[in-house]
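Beneath this line is the structure, given in structure tokens, with notes to follow.
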2 protein chains.
Amino acid sequence: MNDTDEGVTLWRRVADRLRVGIAEGALGDRLPPETELAERYAVNRHTVRRAIQSLAAEGLLRSERGRGTFVNAASPRLSYPVGPRTRFSENVTAHGQRPAGRLIRSESVRADKALAAMLDCATGAPLFRLDTLSVANGLPLSVSTGFFPADRFPAIVRHYAETGSVTEALKLHGLLDYRRLETRITAEHVQPIDAEHLHLPPDAIVLVSAAVDVDADCRPIQAMRSRFPADRMELVFRP
Amino acid sequence: MNDTDEGVTLWRRVADRLRVGIAEGALGDRLPPETELAERYAVNRHTVRRAIQSLAAEGLLRSERGRGTFVNAASPRLSYPVGPRTRFSENVTAHGQRPAGRLIRSESVRADKALAAMLDCATGAPLFRLDTLSVANGLPLSVSTGFFPADRFPAIVRHYAETGSVTEALKLHGLLDYRRLETRITAEHVQPIDAEHLHLPPDAIVLVSAAVDVDADCRPIQAMRSRFPADRMELVFRP
DNA sequence: GCTAATTTGTTCGTATGTATA
DNA sequence: CTATACATACGAACAAATTAG
């Protein structure tokens with residue numbers, strides 16, 4: 001382990017070697033065992049493990065105890081178009097997938113300051129909180145937490161549970177149309193509860209979309225915070 | 001280390017202890033040294049380090065060599081509005097910050113299949129690749145890789161280096177106006193090179209924005225791929 | 001179905017390097 | 001300059017899951 005020895009740490013040089021080996025396909029679908037790599041690169045097994053850990057964090061590798069370390073297949077991401085008229089059910093059907101929304105949890109809550117500002121209501125106003133899981137073809141695509149004004153949509157929980165669709169649930173309340181006012185995107189490590197629902201490892205990354213929908217009079221209908229698996233989804237915006 | 005010993009690994013239990021200690025503020029702004037934590041929890045220093053590493057990956061902690069391990073202040077994210085007329089310089093000035101774009105690297109390349117599709121040109125067409133770093137108030141906000149048709153913008157590299165702005169560089173080529181056609185958002189772990197430029201730890205998360213800008217005739221001007229620190233930025237879309 | 005070998009995961013010990021106070 | 005504190009690296013042992021025979 002003494003090639004072009006810059007001021008770079010040993011495990012980083014090992015990681016770089018592995019990276020090119022993977023890119024060239026010289027290491028194949030599955031990496032040699034850690035002990036063999038350690039021998040090959042003349043380093044301690046811990047050093048190899050540190051390098052693998054780094055590449056696993058990038059999503060390039062995946063280690064499975066007792067089985068080995070594997071090169072992750074770069075699968076194309078599923079596109080999720082976001083626009084003024086974003087509807088989940090329409091999005092997934094556009095991909096030839098069967099949409100399904102399942103109610104995870106519902107709750108009566110009071111608006112805190114942030115929710116009151118987003119929903120343009122008083123602090124402490126009664127809201128319904130709906131936690132939902134969206135699935136297409138058996139693959140979980142997102143978990144979403146939505147807040148609705150309780151006075152305006154008193155039966156939203158039941159309607160959603162029956163239809164599995166926010167659009168349909170709102171229709172049953174007489175709201176025929178709504179649109180997306182604003183979408184804020186960021187990303188973070190997945191929360192343990194979401195990781196379960198989305199079938200993600202505990203260190204996975206989720207795209208977080210915080211959005212507000214309004215009716216034709218620009219009155220806020222719902223504030224929602226959706227979490228998407230970043231390795232399976234991309235959000236697409238076209239003005 | 002023998003409290004409620006479930007089937008959880010030692011370093012995870014240490015991490016959980018640290019997490020509650022941080023939440024309660026019992027550990028203060030700065031953690032005790034690793035050796036002291038190891039003694040306190042009756043584990044090896046490596047086990048403490050594994051726990052700290054995990055919490056650092058979540059963004060909760062930040063270790064600095066020779067100084068100590070610190071609790072990260074949860075700072076509000078900087079909003080980056082994205083729309084048909086997205087201009088980086090306008091965005092940052094809107095926040096009362098001084099914009100600055102610095103050329104990291106430039107290169108002549110040929111369009112591969114994906115680039116050719118995005119830029120509506122032939123595969124193999126000559127392009128200029130510009131890698132740029134955007135900074136506001138000394139804080140790096142994004143690294144961006146842009147591809148421009150070489151025949152149409154032969155002096156784009158020099159113009160950008162002189163002005164530090166894509167908008168200005170395009171103006172010097174006679175292009176007065178352009179707009180955003182499409183923006184695709186996803187997220188991933190930061191690449192080592194980007195981590196350096198953005199002053200991020202090697203396991204940080206970046207928002208990745210892949211976008212295409214077009215001129216008034218809808219002809220593609222540039223294809224770009226920008227990386228934003230996910231813990232410092234949010235992307236805001238308003239139709 | 002059971003056992004042994006293989007392979008990754010965890011935990012300890014020890015030593016040295018490097019940046020900071 | 002010295003002490004402190006995190007970073008890297010090696011070695012050893014065992015645990016846990018999987019696979020091969």
Side-chain angles (χ1 to χ4, degrees), chain A residues 1-18 22 27-57 59-72 201-203, chain B residues 1-18 22 27-57 59-72 192 195-196 199-204:
Chain A
M1 209 59 214
N2 206 350
D3 38 314
T4 68
D5 191 330
E6 321 139 43
V8 186
T9 58
L10 193 50
W11 67 264
R12 277 188 195 281
R13 298 204 302 267
V14 172
D16 287 341
R17 279 192 166 203
L18 288 174
I22 291 161
L27 294 172
D29 186 38
R30 174 185 165 183
L31 255 56
E34 293 169 352
T35 46
E36 193 182 315
L37 289 173
E39 197 179 358
R40 182 185 304 186
Y41 297 142
V43 298
N44 189 271
R45 183 176 154 229
H46 283 308
T47 308
V48 171
R49 282 180 61 77
R50 184 69 185 84
I52 287 175
Q53 185 184 35
S54 158
L55 297 177
L60 194 60
L61 294 177
R62 160 183 42 89
S63 291
E64 297 179 24
R65 185 204 295 226
R67 288 180 29 85
T69 302
F70 302 87
V71 178
N72 275 330
D203 57 350
Chain B
M1 209 62 214
N2 207 351
D3 38 316
T4 67
D5 192 330
E6 322 139 42
V8 187
T9 58
L10 193 49
W11 67 264
R12 276 188 195 281
R13 297 203 304 269
V14 172
D16 287 341
R17 279 193 166 201
L18 287 174
I22 291 161
L27 294 172
D29 186 40
R30 174 185 164 181
L31 256 56
E34 293 170 350
T35 47
E36 193 183 316
L37 289 172
E39 197 179 357
R40 184 185 301 186
Y41 297 142
V43 298
N44 189 271
R45 185 177 149 233
H46 284 308
T47 309
V48 171
R49 281 179 62 75
R50 184 71 186 82
I52 287 175
Q53 184 184 36
S54 158
L55 297 177
L60 193 60
L61 295 176
R62 160 183 40 90
S63 290
E64 298 180 23
R65 163 162 14 188
R67 286 179 27 85
T69 301
F70 301 88
V71 178
N72 275 328
E196 274 188 45
H199 295 154
L200 290 174
D203 53 356

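Quick note on labels: first sequence line is chain A, next is B, and so on, each numbered from 1.
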When the distance from CZ of A/Arg30 to P of C/dT6 is rounded to whole Å, what number comes out? 12 Å

Mind calculating the distance between CD (A/Glu39) and P (C/dT6) to the nearest angstrom? 14 Å

Nucleotide of C/dT11, C/dT8, D/dA9 approaching B/Leu10 most closely (side-chain heavy atoms): C/dT11

Nearest to the B/Thr9 side chain among D/dA7, D/dT8, C/dT10, which nucleotide is it? C/dT10

First locate atom OG1 of A/Thr69, then atom CD1 of A/Ile52, and finally report the distance between them rounded to the nearest 0.5 Å. 4.5 Å

If I take atom CD from residue B/Gln53 and atom CZ from residue B/Arg50, how far apart are they, to the nearest 0.5 angstrom? 5.0 Å

Worked verdict on B/Leu61 versus B/Ile22 for side chain to side chain contact (heavy atoms under 4.5 Å, CB included): CA-CA 9 Å; B/Leu61 295 176; B/Ile22 291 161; 3.6 Å; yes

Just the table, please: protein N/O against nucleotides 19-21 of chain D N/O, every pair under 3.5 Å.
from, atom 1, to, atom 2, distance (Å)
D/dT19, OP1, A/Arg67, NH1, 2.4

Base, sugar-phosphate, or nothing: which does A/Arg62 touch, judged by heavy atoms less than 4.0 Å apart? nothing

Within the 4.0 Å heavy-atom criterion, would you say B/Arg49 contacts the bases, only the backbone, or no part of the nucleic acid? base

Within the pair [X] and [N], is there a side-chain N or O less than 4.0 Å away from OP1 or OP2?
X	N	answer
A/Thr47	D/dC10	yes
A/Arg65	D/dT18	no
B/Asn44	C/dG13	yes
B/Thr69	D/dC6	yes

Quick one: the side chain of B/Arg45 and the base of D/dA7, do they pair up donor-acceptor inside 3.5 Å? yes

Given the structure, check if the side chain of A/His46 and the base of C/dT10 hold any donor-acceptor pair shorter than 3.5 Å. no

Non-hydrogen side-chain atoms of B/Leu18 and B/Tyr41 separated by less than 4.5 Å: yes

